[in-house]
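Working notes for the structure below.
Note that these values count all heavy atoms, side chains included, but never hydrogens, waters or copies made by symmetry. Proteins get letters first, then strands, A, B, ... in listed order; numbering begins at 1 in each.
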Amino acid sequence: MARKPAVTHGFVVVDKPTGMTSHDVVGRLRRRFNERRIGHSGTLDPDATGVLIVAVGNATRLLQFFGDLPKTYTGEVVFGSATSTLDASGEVVATRDMSALTIERVREAARTFVGDIMQVPALKVDGRRLHEIAREGGEVERKPRPVTVHRYVVHGEVERIDDNPVVRIEVTCSSGTYIRTLAADLGELLGGYAHLRNLRRRAIGGFIVGDVLDETSIDSSPLMPVVAALARLDGGESSFVAVDDDRVLASLGDVMDTSPSRDTSIAHGERRFVLDSHHRLLAVYEHAGDAWRPVVVMPEPVH
Amino acid sequence: MVNALGDVRTVVTIGAYDGVHLGHRAVISQVRERAKALGARSVVVTFDRHPASVVRPESAPKLLTDPQQKLELLASTGVDATLVVPFGESQSQEAPRDFVQRVLVDALKMRAVIVGEDFHFGHKRGGNVALLREMAPSNDFEVSPLKLVARADGVNEAVSSTAIRRALSGGDVRRASEMLGRNHEVRGTVAQGDKRGRTIGFPTANVAIDASLCLPADGVYAARVTVGDGSSHPAAINIGRRPTFYEHAQQSLLEAHLLDFTGDLYGQTLRVSFVEFLRGERKFSGVEELRSQLQNDIAQARAALT
């Protein structure tokens, strides 16, 4: 039996609960929308909660534009103990008395991580997630790589464990930054140890969730039309062009040469979302120095 | 506009000053310091509307502050005076040199001007620091560069009205507050609603917000609302198109449910000060589900505001 053509295209901003993998969320949404093509942006560890941007149907072709968005996390740094996984899921491997630590010193130390820094990453190794390898006690060689911390706010002390402070933090950073590494490094900089707990991704770019987990979002979060989601990509300043000229429409997907005019006001990599006269997305073009090149051409116009 | 401050000389900064955010406040404190050193008055020269709304109305940014709010906030910085220049079609055509002569030199007797190196003003952005430097010797004023101060709060993001608008467009009112140095506030009059909220046990005030103002993204927020008598109340705010009841409504609406408040708000001007984002918009399968979610929203708003 031929599969029915998909009628559902769009994005869902989901608040992932603990205990689910990002893939579990995808499975749930496959059933909700009766659609096989579901993808998501930015995997979250099973223990972590917060924003996953999920694309449905033809919107999966557009996920690439969501990958590089800055991300905002909240979490709690538990001072005084290091764990094998750098978060609360691992075993405590070292402890130190840090009971004299003040919030002012934590703030001062946090500031030194703001800006472009080198971070030892936690990545997939041999196709396996690092947190799995770490849980099995494996050693992983990790090379430092550049990340950017835009914002590292220390909100305040949450509680004390064994007289050591537990501090709530909020970090906005480039894609690929590891928050538990930031937490562990913060402990080290302050002359002791620390690990991360209660990691929550508050935002991917302009897609945000509240501080409190929304348990029902997988089933109730509305399907956001493709064009509405794209409009929020660039802080509400995404560039759309509407096209109703038949000749232009016929050449959709071709490279559009702009070299005769040499418009220097257009930066390399600048992006235009091409809409038809009904405000439906047709294609996405990026400027490559002298021409607009198609990055995505939609198989059918989509709202 | 002759002799706006009598014979007193002035130290001036010029700009849209939308939001009067922490970056603006840092500039103003430099203006005040310089004015003190020179025995002059400190003056902010701003416009009665965003220059872009005249020059490029189609892409004019939504305002972070209405004109009245902007004046109140500027007054709170301790600046001696604010000069509001009407910015109409004719001003947008005025040669930058004429603007400097007419407003800054003749009317304000400017002794010093403090602006950033990338500052532009006047017709086709033709006015810049180079022009000010050229006019300085013959008109007896100095051009002081802006000292950029590193932020001490663990944030590496330049504070700008644009960055604040971006944070608001994603609903991140917490981040907007960090850059504003206060909560984002909008003001509007309570319009007669359809009393739908009352029928399900959650009376709300529909607050009409001028379309020129910047609202956070659609969703539910914890906020403090100041009512007509000046008292402040915790509130749950819904901004949205109300998908359950009005499938095709276009304009975003602001509905305020004030906690611990009974009384008629119709016709009053409310000041809504956004504290936290609580959740995004969603569809509800029925009134019961909506009611239980609203109960949850109110509990969360209360927690966020205490």
Side-chain angles (χ1 to χ4, degrees), chain A residues 11-15 51 69-70 72 74 106-117 148-155 169-174 186 202-224 228 231-239, chain B residues 59 61-62 150-160 162-179 214-222 236 240-241 243-244 247 275-285 289-290 292-293 296-297 299-304:
Chain A
F11 291 91
V12 186
V13 178
V14 166
D15 193 349
V51 185
L69 294 174
T72 297
T74 57
V106 177
R107 290 211 167 100
E108 210 176 291
R111 257 177 244 138
T112 64
F113 291 93
V114 175
D116 299 327
I117 59 169
T148 305
V149 177
H150 302 288
R151 177 169 168 263
Y152 196 148
V153 179
V154 178
H155 284 306
I169 59 163
E170 181 163 337
V171 175
T172 303
C173 52
S174 61
L186 187 64
R202 259 195 95 219
I204 300 178
F207 300 86
I208 188 175
V209 291
D211 282 330
V212 180
L213 173 68
D214 181 354
E215 298 275 0
T216 66
S217 74
I218 297 173
D219 300 318
S220 67
S221 185
L223 185 79
M224 191 184 292
R232 283 172 70 169
L233 254 189
D234 194 23
E237 289 153 24
S238 304
S239 294
Chain B
S59 63
K62 298 273 191 185
R151 294 179 61 178
D153 57 358
V155 180
N156 191 32
E157 185 177 53
V159 174
S160 68
T162 305
I164 297 165
R165 277 183 211 108
R166 290 175 76 110
L168 290 172
S169 80
D172 200 341
V173 296
R174 187 145 91 206
R175 214 164 152 195
S177 303
E178 287 173 7
M179 293 186 271
C214 188
L215 277 179
D218 288 359
V220 177
Y221 297 83
R241 282 161 266 260
T244 310
E247 191 68 46
V275 179
E276 290 287 358
F277 175 90
L278 298 180
R279 65 166 174 88
E281 275 215 304
R282 69 168 43 154
K283 286 192 174 189
F284 297 98
S285 53
E289 201 180 303
L290 173 62
S292 87
Q293 180 63 54
N296 190 10
D297 291 344
Q300 279 195 40
R302 202 182 287 283

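Atoms CZ and OG1, from B:R174 and A:T74 in turn, are 7.0 Å apart once rounded to the nearest 0.5 Å. Atoms CE and CD, from A:M224 and B:E281 in turn, are 9.5 Å apart once rounded to the nearest 0.5 Å. Rounding to the nearest 0.5 angstrom, the gap separating the CZ atom in B:R279 from the OG atom in A:S220 is 8.5 Å. Atoms CD and CD, from A:E170 and B:E178 in turn, are 6.5 Å apart once rounded to the nearest 0.5 Å. Summarising the geometry, atom CD belonging to A:E215 is positioned 10.5 Å from atom CG belonging to B:N296; distances are rounded to the nearest 0.5 Å. Between atom CG of residue B:D172 and atom OG1 of residue A:T172 there is a gap of 7.0 Å, rounded to the nearest 0.5 Å.
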Verdict with reasoning, B:R282 to A:T216, per side-chain hydrogen bond (donor to acceptor under 3.5 Å, both in side chains): CA-CA 10 Å; B:R282 69 168 43 154; A:T216 66; 3.3 Å; yes
Walk me through it: do B:Q300 and A:D211 pass the test side chain to side chain contact (heavy atoms under 4.5 Å, CB included)? CA-CA 9 Å; B:Q300 279 195 40; A:D211 282 330; over 6 Å; no
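Using a 4.5 Å cut-off between heavy atoms, A:R107 makes no contact with chain B at all.
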